[in-house]
Number of protein chains: 2
Amino acid sequence: MSKSHEILFRALADPTRRAIFERLCQDGDQTVAALTARAKVSQPAVSKHLGVLKQAGLVRDRHEGRQTHYTAQPGALAPLVDWTSRMAGFWQSRFDDLEDLLKRMDQ
Amino acid sequence: MSKSHEILFRALADPTRRAIFERLCQDGDQTVAALTARAKVSQPAVSKHLGVLKQAGLVRDRHEGRQTHYTAQPGALAPLVDWTSRMAGFWQSRFDDLEDLLKRMDQ
DNA sequence: CATACACATAACTCGTTGGTTATTGATCAG
DNA sequence: CTGATCAATAACCAACGAGTTATGTGTATG
């Protein structure tokens, strides 16, 4: 449970996978064919990436006839947000000056 | 610049590297020897990881005599926060669009 | 000056992974 | 029923990445 960011970071590490996820976030529901058309890789590659994203909970699939629609689940990004704010939090707790933190975050 | 999350995701994808970064965030300044002691890998491995983290801007090094101290730079996480909120934002805006549509259909 | 120490770099191994083509399973059209 | 289409799976391969041991570079110390 405390390791849920492990699978997330791994899933989002690959650029092709991020591109697919970004597209699903921007444009919503997409069939595999539609995603493949925009991607620079073959359909099996896209399917494999979607499998990884699904495993990470980042997408959901829905079958309609002979095509499969995928949808982004941005809520699954929560553990990642938690992790980053925890890191920033550790950092912050070692400094009493909040403004100093914000300045560093700004740069 | 707009692709700075590429190197970030890649740097944070590895568990050993995240562990090192987490430790630097929690406990602050650390020498390579101190980090190696806690890590489950050899000193050269730790050095290599630190190199990657440094490349990503996540850590900074400071030389003191014959030892090197590393410090976390959590501000470098900003592009990652941007990315995640952008993904959530896309999602939210499409949700808003749907709400607008439904409102218009109502009247 | 010689030795020990801290860290970085080099050279290499090996498992993982992202890509491919070929094939299968399922569904729709004629 | 037949052929075409969409997606998933299988089988394979090349490249990459994280790990190791060995060595190099620089600094403190006797």
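Below, chain A is the first sequence line, B the second, and so on; all start at residue 1.
Among residues two or more places apart in sequence or in another chain, the side-chain contact (heavy atoms from CB on, under 4.5 Å) test is passed with A:Pro44 by A:Ser42. Applying the side-chain contact (heavy atoms from CB on, under 4.5 Å) test to A:Ala34 and every residue at least two apart in sequence or in another chain returns A:Gln30, A:Thr31. The side chain to side chain donor-acceptor pair (under 3.5 Å) check on B:Thr68 picks up B:His63, with sequence neighbours excluded.
Residues A:Arg18 and B:Phe9 have side chains in contact (heavy-atom distance under 4.5 Å, counting atoms from C-beta outward). Under the 4.5 Å side-chain criterion, counting only non-hydrogen atoms from C-beta, B:Leu12 is in contact with B:Leu77.
Between A:Phe21 and B:Trp83, the ring-plane angle classifies as tilted under the 30° and 60° cut-offs.
For B:Lys48 and B:Ala33, each mapped to the nucleotide of DNA chain C holding its nearest heavy atom, the one lying further toward the 5' end belongs to B:Ala33. Toward the 5' end of DNA chain C, the nearer of the two residues B:Thr31 and A:Asp14, judged by each one's closest nucleotide, is B:Thr31.
Atom C1' of nucleotide C:dT16 and atom CZ of B:Arg10 are separated by 13 Å, given to the nearest angstrom. Between B:Leu53 atom CG and C:dA8 atom P the separation is 12 Å, expressed in whole Å. Remark: P of C:dA6 and CG of B:Leu50 are 16 Å apart, rounded to the nearest angstrom.
Read 5' to 3', the first and last nucleotides of DNA chain D with an atom closer than 4.0 Å to a heavy atom of chain B are D:dG17 to D:dA28.
For the pair A:Arg17 (side chain) and A:His49 (backbone), a donor-acceptor distance under 3.5 Å is absent.
Within a 6.0 Å radius of CZ in A:Arg60, no more than 12 heavy atoms belonging to other residues, nucleotides or ligands are found.
Contacts of residues 17-29 of chain A with DNA chain C (heavy atom under 4.0 Å): A:Arg17.
Contact between the side-chain N/O atoms of A:Thr16 and the OP1/OP2 oxygens of C:dG19 is found at a separation under 4.0 Å.
In terms of heavy-atom proximity, A:Leu58 sits nearest to A:Ala76 at CD2-CB, 3.9 Å.
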All N/O contacts under 3.5 Å from nucleotides 21-29 of chain C to the protein, with atom names and distances to one decimal?
residue	atom	partner	partner atom	Å
C:dT27	O2	A:Arg66	NH1	3.4

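B:Val32 is not connected to B:Val52 by any chain of hydrophobic side-chain contacts under 4.5 Å among Ile, Leu, Val, Met, Phe, Trp and Tyr, and they are in different clusters.
Within the model, atoms CZ of A:Arg62 and NE2 of A:His69 stand 5.0 Å from one another, a figure rounded to the nearest 0.5 Å.
Contact annotation for A:His49: backbone-only contact, meaning every heavy-atom pair under 4.0 Å involves sugar-phosphate atoms and none involves a base.
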